[in-house]
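By convention here, the first residue in the shown sequence is residue 1.
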Amino acid sequence: MSTMQSWLDTANGDTDFPIRNLPYGVFDDGRGARCGVAIGDRILDVAAVDHGVDPALFVDPAWNAVMVAGPVVWAALRARLTELLSDETHRAAVEPHLVAMAQARLLMPFRVSEYTDFYAGRHHATNVGTMFRGAENALPPNWLSIPIGYNGRASSVVVSGTPVRRPWGQVKGPDDELPRFAPSARFDIELEMGAIVGQPSEGMVSVARAGEMIFGYVLLNDWSARDIQAWEYQPLGPFQAKATATTISPWIVTKAALEPFRVPTPAPGRPLLPYLKPTVPGLYDIDLEVALTPEGGAETVIARTNYREMYYSAAQQLAHHTTSGCPMRVGDLLGSGTISGPNRENRGSLLELSWGGKEPIELADGDLRRFIEDGDTLVLRGAAHGNGCRIGFGDCSGQVLPAVALPDWAI
């Protein structure tokens with residue numbers, strides 16, 4: 001891995017955004033939304049510098065046009081940005097177009113075309129299955145053969161910092177004869193990675209081709225109303241339980257930045273069908289954590305795990321998605337599924353951490369949590385580490401607000 005340095009001092013120290021990262025986002029510093037690149041504690045206004053690619057790619061404040069342009073343009077843009085921010089001879093021309101990140105509002109980095117969420121972490125699936133079906137039937141019969149997923153709501157994908165309202169829905173307790181309409185009492189998070197599709201497809205694609213289609217990755221929190229889900233999910237799976245919000249981190253970390261951190265998927269529990277067999281290591285060594293902060297309280301890190309714990313890679317998920325002939329679009333978002341590890345402290349949801357509410361977790365101030373309470377802020381963080389460098393994603397955060405008051409006719 002290169003030891004390249006930037007002429008911007010804050011990009012060479014303790015930062016998520018060294019020159020070897022250069023993630024893509026959209027920001028507004030009071031002068032309108034524009035495409036930007038994170039570097040140290042600054043954002044480079046890309047359209048304002050000699051970026052070396054078609055200026056039309058930055059007319060709209062979203063990275064979709066760059067994705068459409070394809071991998072050759074992706075590589076050329078990254079190379080040029082690296083040159084501009086590392087070569088001192090470009091400093092005078094570039095520095096005036098750096099904006100302090102602390103003075104900018106970060107917006108959705110791309111337009112989400114469709115959203116698919118997977119159930120592809122073996123530790124998570126085993127934990128959840130054990131809770132509801134017993135250890136002997138924890139994994140569904142198809143789980144070791146197929147990346148299980150469902151089509152979610154692109155309309156409710158939001159950027160980090162967006163508040164999330166506690167949802168209403170039909171809930172039914174084990175002793176209730178019929179359901180009632182009420183705010184979710186078992187609201188939860190799911191620690192995931194999101195893969196962004198940067199090239200379209202028609203017909204089935206290979207795992208290798210699917211990997212080439214991925215533009216980059218974000219942290220992803222798939223907010224989940226467990227009590228709503230328990231009543232609605234049979235026989236077709238999640239619906240309103242997952243429709244409230246899906247929060248993503250504001251910076252797209254490119255596949256190129258993560259390349260040095262590739263690791264293989266685990267040895268399969270049963271032989272995979274040929275179309276799902278990987279040709280290169282498909283996961284990344286990315287340390288992840290979840291923090292919970294009560295309103296007015298102190299932060300507690302409640303979970304730590306790593307993306308390498310996944311069973312299926314994003315490329316395998318994407319390849320499987322195309323097997324029916326389903327076209328993939330630029331801007332499609334694929335949620336990895338909850339990323340948990342082998343131990344309690346590695347569990348990527350409160351459902352697992354509290355074991356369905358039976359084993360509450362203790363926060364720094366002594367409060368207990370089974371599920372999320374109003375006012376709680378949940379933050380996901382992630383970074384790959386190596387050779388004295390940190391390739392980070394920035395925070396993926398959201399505060400839970402109380403459920404809205406409904407009119408009498410609704411309840």
Side-chain angles (χ1 to χ4, degrees), residues 6 8 10-11 15-86 90 93-113 154 157-162 194-200 214-219 248-258 329-333 391-396:
S6 171
L8 180 66
T10 60
T15 177
D16 273 350
F17 309 121
I19 195 160
R20 283 173 276 172
N21 192 350
L22 301 182
Y24 300 146
V26 172
F27 72 102
D28 187 348
D29 60 350
R31 296 183 293 154
R34 286 111 70 207
C35 289
V37 173
I39 179 74
D41 62 354
R42 297 289 189 269
I43 302 171
L44 175 63
D45 185 347
V46 182
V49 299
D50 180 14
H51 45 66
V53 298
D54 185 354
L57 299 181
F58 303 107
V59 171
D60 294 327
W63 284 85
N64 297 64
V66 173
M67 296 186 219
V68 170
V72 172
V73 170
W74 304 350
L77 176 62
R78 179 173 172 81
R80 178 58 174 166
L81 292 172
T82 300
E83 178 188 353
L84 292 177
L85 291 164
S86 62
H90 295 292
V94 172
E95 197 164 29
H97 304 292
L98 292 175
V99 174
M101 197 174 297
Q103 297 175 6
R105 185 164 61 99
L106 300 180
L107 308 174
M108 279 291 294
F110 70 105
R111 291 186 299 278
V112 180
S113 297
V157 178
V158 297
V159 74
S160 176
T162 305
I196 301 165
V197 177
Q199 289 284 278
I214 294 172
F215 181 64
Y217 292 82
V218 291
L219 302 178
I248 64 170
S249 51
W251 298 106
I252 302 170
V253 176
T254 63
K255 188 173 53 181
L258 292 172
R329 299 174 179 173
V330 171
D332 282 350
L333 176 64
I391 304 297
F393 290 77
D395 287 356
C396 176

So which atom in [X] and which in [Y] form the shortest heavy-atom distance, rounded to 0.1 Å?
X    : Y    : answer
M101 : A38  : CE-CB, 3.9 Å
R20  : A257 : O-CB, 3.6 Å
V330 : P200 : CG2-CD, 3.7 Å
H51  : R80  : O-CG, 3.1 Å
S249 : C396 : N-SG, 3.8 Å
D60  : R111 : CB-NH1, 4.2 Å

Could you state the interatomic distance from [atom1] ([X]) to [atom2] ([Y]), rounded to the nearest 0.5 Å?
X    : Y    : atom1 : atom2 : result
D45  : R31  : CG    : CZ    : 6.5 Å
D41  : T15  : CG    : OG1   : 7.5 Å
L77  : L22  : CG    : CG    : 9.0 Å
L333 : I248 : CG    : CD1   : 6.5 Å
T162 : M108 : OG1   : CE    : 8.5 Å
F110 : M67  : CZ    : CE    : 5.5 Å

Go through V49 and L84 one step at a time and tell me if the side-chain contact (heavy atoms from CB on, under 4.5 Å) criterion holds.
-> CA-CA 9 Å; V49 299; L84 292 177; 3.9 Å; yes

Kindly indicate whether the side chain of [X], heavy atoms from C-beta on, has any atom under 4.5 Å from the side chain of [Y].
X    : Y    : value
S6   : S86  : no
L107 : D28  : yes
L258 : Y217 : yes
I214 : I196 : no
F58  : V53  : yes

Taking the six-membered ring for Trp, are the ring centroids of W63 and Y24 within less than 6.0 Å of each other?
-> yes

Given V218, D395, I43, the one that forms side-chain contact (heavy atoms from CB on, under 4.5 Å) with W251 =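 Exactly one pass, corresponding to I43.
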
Qualifying residue for side-chain contact (heavy atoms from CB on, under 4.5 Å) with F27, from V37, L44, L106 | L106

Test log, rule side-chain contact (heavy atoms from CB on, under 4.5 Å), inputs V253 and N21 = CA-CA 7 Å; V253 176; N21 192 350; 3.7 Å; yes

Under the side-chain contact (heavy atoms from CB on, under 4.5 Å) criterion, do V46 and L57 qualify, and how do the steps go?
-> CA-CA 10 Å; V46 182; L57 299 181; over 6 Å; no

Determine the interplanar angle of the W74 and F215 rings, folded into 0 to 90°, and report it as parallel if under 30°, tilted if 30 to 60°, perpendicular if over 60°.
->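 Taking F215 first and then W74, their aromatic rings stand perpendicular (interplane angle over 60°).
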
Just do the side-chain contact (heavy atoms from CB on, under 4.5 Å) check on L85 and L8 with the steps written out, would you?
-> CA-CA 7 Å; L85 291 164; L8 180 66; 5.9 Å; no

Using 4.0 Å as the upper bound for N to carboxylate O, is an ion pair formed by R105 and D29?
->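 No, D29 and R105 are not salt-bridged.
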
